[in-house]
Amino acid sequence: MIVCPRCSKENQDHYKFCLGCGAELPRDAAHAPKSFTAPTPPAGFPAAGSQVAAQAPQAAQAPAQVPAPIATAPAAAASAPVQCPQCKNIVQPGFKFCGTCGFAISAPSLAPAQATVSAGPPAAAPASRGSLVLIRPDGSEGGTFPLGDSATTVGREAGGLFENDTYMSPKHAIFAFKDNALSVIDQNSLNGVYVRIDRDTPTELVPGAIFRIGQEILRFDPIASPARGTDGVEVMGSPNNGLVGRLSLVIGRETTGNAFPVPATGMHVGRERGDVIFPEDGYVSGLHCRLHSDGGKVYLTDVGSSNGTFIRVTKETNVLSGSFLLMGQQLFRAQF
């Protein structure tokens, strides 16, 4: 058992979050050595030769008449186990949080895990053509969110997998099926929708394109070659030296931080190697991606990173089955 350091509630060894208060449980607690020493009774052990056990037992008294049991009403449906809407784990009655994903359980709003017998036939589930599958940080699959034939809006107002992600807008994006393709349209969300690009496949960066590696959000802006004025005077400034663009850290909706010049010969970005490195970001691979120029265009290529390179969508974009998307702080896989 793992004892929660915040509320002292005991949790099973495989739980990641406390069932009592929702706090993250220590990972090494499940492997800590357990004590098999019997505790000392509150009154201590009797001394050798004690006369306590030698006292004669008192005469047995006639047992009091046991009252008849009182019939009680059946337990309310709210006391039945419920299914976590985020990871589909079965949560026992009385628990306030899911022990697998930490989702806050609200019993009145959740259906029991086992359906009760009804007089009529069960209602048919709404038809869906696909789903968004939540991918947990350890790579395992979490819950799913169905996508119907008609347009489906996702965001905090949609509940389920999205309602507790404060980085998602109330109406974040719309997914819709058109023929055999699934499209996504960002609904002017604050933090955007990002689609993972294929590894080792150059993807064009348009002016103002924003992409994400690990926890770093970067924007690409082209740099035009300096031109002379009508009177032949060249504008004074730092030497261009064949630069094709600028890479800027995005630290707010309209705010950027450090900027890095992109030479025509290209540049690499990573955590340990490259022209630009992010040594403190453990989600960035040692060598993560590359920018290079070809035919007057600039391309972004993932060079085999572990966690992928994601480009923010700016218009209606088709995604393939199996594509990965970042929305808020969660990773999803489109499945249809």
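Nothing fancy with the numbering, it's 1 onward along the sequence.
Using a 4.5 Å cut-off between side-chain heavy atoms of Ile, Leu, Val, Met, Phe, Trp and Tyr, with links allowed through other members, M168 and V313 fall into the same hydrophobic cluster. Taking hydrophobic clusters as Ile, Leu, Val, Met, Phe, Trp and Tyr residues chained together by side-chain heavy-atom distances below 4.5 Å, V250 does not share a cluster with M327. No continuous path of hydrophobic side-chain contacts links L325 to I311 [ILVMFWY only; heavy atoms under 4.5 Å]. Using a 4.5 Å cut-off between side-chain heavy atoms of Ile, Leu, Val, Met, Phe, Trp and Tyr, with links allowed through other members, V303 and I277 fall into different hydrophobic clusters. In this structure, V195 is not a member of the same hydrophobic cluster as L300, with clusters built from ILVMFWY side-chain heavy atoms closer than 4.5 Å.
Taking the six-membered ring for Trp and the full ring otherwise, F310 and F324 have centroids separated by 6.0 Å or more.
Between the side chain of D294 and the main chain of K297, no donor-acceptor pair closer than 3.5 Å is present. Remark: side-chain polar atoms of T317 are paired, donor with acceptor, to backbone N or O of K315 under 3.5 angstrom. Side chain of T201 to backbone of R199: a donor-acceptor contact under 3.5 angstrom is found. Formation of a donor-acceptor pair under 3.5 Å by the N191 side chain with backbone atoms of Y167 is found in this model. Although no hydrogens or angles enter the test, the distance criterion places a donor-acceptor pair under 3.5 Å between the side chain of R271 and the main chain of V284. With hydrogens and angles disregarded, a donor-acceptor distance shorter than 3.5 Å links the side chain of S323 to the backbone of L320. S131 places no side-chain N or O within 3.5 Å of a backbone atom of T144 that could act as its donor or acceptor partner.
Residues L243 and P263 approach most closely at CD2-CA, 3.9 Å, considering heavy atoms. Taking each heavy atom of N318 and S183 in turn, the nearest pair found is OD1-CB, 3.4 Å. The shortest heavy-atom contact between V193 and A173 is CG2-CB, 3.8 Å.
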Checklist entry - Yes or no on side chain to side chain contact (heavy atoms under 4.5 Å, CB included) for C289 and V269, after CA distance, side-chain angles and deciding distance? => result CA-CA 5 Å; C289 63; V269 184; 3.9 Å; yes

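Between R129 and D149, at least one side-chain N (NZ, or NE/NH1/NH2) sits under 4.0 Å from a carboxylate O, which counts as a salt bridge.
Donor-acceptor pairing under 3.5 Å is lacking for the side chains of N307 and S305.
Listed by chain and number, the residues in a salt bridge (Lys or Arg N to Asp or Glu O under 4.0 Å) with R333 are E141 (sequence neighbours excluded).
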Identify every side-chain donor-acceptor pair in residues 206-224 under 3.5 Å, counting partners at least two apart or on other chains, and give the distances.
{"residue": "R212", "atom": "NE", "partner": "G214", "partner atom": "O", "Å": "3.0"}
{"residue": "R212", "atom": "NH2", "partner": "Q329", "partner atom": "OE1", "Å": "3.3"}
{"residue": "R219", "atom": "NE", "partner": "D221", "partner atom": "OD2", "Å": "2.9"}
{"residue": "R219", "atom": "NH2", "partner": "D221", "partner atom": "OD2", "Å": "3.2"}

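Classified by interplanar angle (parallel below 30°, tilted 30° to 60°, perpendicular above 60°), the ring pair Y299/H292 is parallel.
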